[in-house]
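In what follows, chains are A, B, ... by sequence order, proteins preceding strands, each numbered from 1.
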Amino acid sequence: MPSAASQSDPTIRVRIAPSPTGPLHIGTARTALFNYLFARHTGGTFLLRLEDTDVARSTAAFEKDILEGLHWLGITWAEGPGVAGMEEAGPYAPYRQMQRLDSYAAAAQQLLGADRAYRCYCLPEELEAERHAREAAKLTPGYSGRCATLTPGERQAKEAEGRRGAIRFRVRPGIVGWNDMIRDRVEIDTANLGGDFVIVRADGNPLYHFTVVVDDMAMQISHVIRGEDHISNTPKHILLFEGLGYPLPVFGHLPLILNPDGTKMSKRKSQTAVADYIAQGFTREALVNYFAFLGWSPGTEEDVLTLDEIADRFELDKVQKGGARFDRERLEWLNGQWIRRLGDEDLVERLLPFLDASFAAGQIERRPTGDEVRALLPIVRERMPTLAGLTDTVGFLWRDSLAVDAAALVPKRWDAATTLDGLTAAREALAAHDAVTWEADELEPPLRALVETRGWKAGDLFMAVRVAVTGMTATPPLFDVLVALGRERTLDRLDAATALLART
RNA sequence: GCCCCCAUCGUCUAGAGGCCUAGGACGCCGCCCUUUCAAGGCGGAGAUCACCGGUUCGAAUCCGGUUGGGGGUACCA
């Protein structure tokens, strides 16, 4: 069986073209992933291009967040900004649209020259009024084509008024269709496109529909794989490819990632920034695994797979057509799966930054060393839904002061007096051990014996001790916790607890 | 409104005419393990395959319609 990318196919070229107008969005990451997987599986090339023509909203910080986020996920591109640590690399540079303005100007001239496009002198207010009028008349909204038939004389007059004019593309009547990789044949009547559309603003800046086509042409993109929200834009793009005299790429429209309520994923209803998931302690493996399975499945019963395994199995025709709701619980489960699969060294490395963050946030008062954390792994690994969860599980180890509640100290079946009695006796039994025999299997028998002679239930005594030394009712196994805490601190905390009980 | 896309357990999905009295996973419930919490093991509830017609010896799978949901309707991307 041939493995993914065993042979390369220079004719397959796909891209992700993010716009740096916001932090890396889950939807962008997923689209990037599917393009990347398609390229890897077919032996094609995956590239990244920045669509930064929305100058007002684009920032360098967002650009950085997007490139770093994709790389963090393990998604790499062969051409574009940030390849192999370089500013930019690839045979079709530049890969930033604001640096490709000449190409758009040339393409616009070509269309103007061939009369496939024309200057439109309508003012925004005029267009606005027109839109309202059409709306009121219950007509399809769209441009009337007022400037489409202007005579040279009329154009000169407009220019003389100082009007710059936007450039509109002439939409030809008829049906535009394509064979979508995911949904087969799609056909749309150009009458529904809203009339001749603007490709270059009056200020000279090219618009998305135009730049995307010019660039995809220039960069020899063979397959355009993007979100379903672009289906209705596709006819415009096809028309432009035609107008520019270029063969069409193959289109494939992926199902959308939906909010839990089934609407298109949005910041208002969901957490959409990849950086937030990273900050909350999700692993790249889980995120990639989860994104891939939103709309795709290997067709087997496997559900925990690495990026390589996914690339191996990835087939675009196994992609679902309907949108998929984002299910955070499933993501958390997958994250747990991956945390359990990570190697010790690797896990420790990934945990350390989260401990730094907890320290900075004041949740812990001391930063543990890597060795300390590694020693804890056997008892915390399966108790962490996320990497950030370590502090929740064993934060008491790195905190000096415990806020223990006297009421919480008393186990359900016990009263305060019994608890005081139990803790005092436990303290005494534990104190009999020195630092050398302070091991889990040494500490447990004496407390079991104590329970036996007093006629208590082990669970009750253990719970009292647990709360006394950790302040919590749910912790890793008690005797492992005592060992991690050390003799000194265990005894001190027991003393503090008995003192607290005695006072009440 | 108009155009387009979609439709299998609550959720993600398997399923490409007979293997389906519809399989897996998350979540949920129960049991086991057990000092708590997890993890793990076992079991369970959960889908008349949106609905109605048609094609066929036979349909979750093909066709049509209906309904529902979603997306798009910019001098945003």
Take Asp421(A) and Thr418(A), measure what side chain to side chain donor-acceptor pair (under 3.5 Å) needs, and give me the verdict at the end. CA-CA 5 Å; Asp421(A) 188 11; Thr418(A) 314; over 6 Å; no

For [N], give the paired nucleotide (Watson-Crick: N1-N3 plus N6-O4 or O6-N4; G-U: N1-O2 and O6-N3; both under 3.5 Å), or none.
N: G1(B); result: U73(B)
N: A7(B); result: U67(B)
N: C20(B); result: none
N: C28(B); result: G44(B)

Sugar-phosphate, base or nothing in reach of [X], heavy atoms under 4.0 Å:
X: His253(A); answer: nothing
X: Ala324(A); answer: sugar-phosphate
X: Lys318(A); answer: sugar-phosphate
X: Leu193(A); answer: nothing
X: Thr263(A); answer: sugar-phosphate

Between Phe169(A) and Tyr118(A), is the ring centre distance below 6.0 Å?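 Aromatic pair excluded; centres sit 6.0 Å or further apart.
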
Please find out if less than 6.0 Å separates the ring center of His237(A) from that of Phe210(A).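 Ring centres of Phe210(A) and His237(A) not closer than 6.0 Å.
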
Could you check Leu193(A) against Leu239(A) for side chain to side chain contact (heavy atoms under 4.5 Å, CB included), going step by step and ending with a plain yes or no? CA-CA 11 Å; Leu193(A) 261 32; Leu239(A) 255 20; 3.7 Å; yes

Please list residues of residues 380-390 of chain A whose heavy atoms come under 4.0 Å from any atom in RNA chain B, ordered by number; otherwise none.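 The answer is Glu382(A), Arg383(A).
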
Interface limits on RNA chain B, where chain A has a heavy atom under 4.0 Å of a nucleotide atom: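 In short, chain A contacts RNA chain B from G1(B) to A77(B).
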
Whether His253(A) and Phe251(A) hold their rings parallel, tilted or perpendicular, with breakpoints at 30° and 60°: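 Correct class here is parallel.
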
Can you label the angle between the Phe479(A) ring and the Phe462(A) ring as parallel, tilted or perpendicular, going by 30° and 60°?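 It falls in the perpendicular class, over 60°.
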
I want to check a possible cation-pi pair here: Arg30(A) against Phe34(A), using under 6.0 Å from ring centre and within 45° of the ring axis as the test.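 Pair Arg30(A)/Phe34(A) counts as cation-pi.
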
Listed pairs under 3.5 Å, donor-acceptor, residues 389-396 of chain A side chains, sequence neighbours left out:
unit_1, atom_1, unit_2, atom_2, d
Thr391(A), OG1, Ser358(A), OG, 2.6
Thr393(A), OG1, Gly389(A), O, 2.8

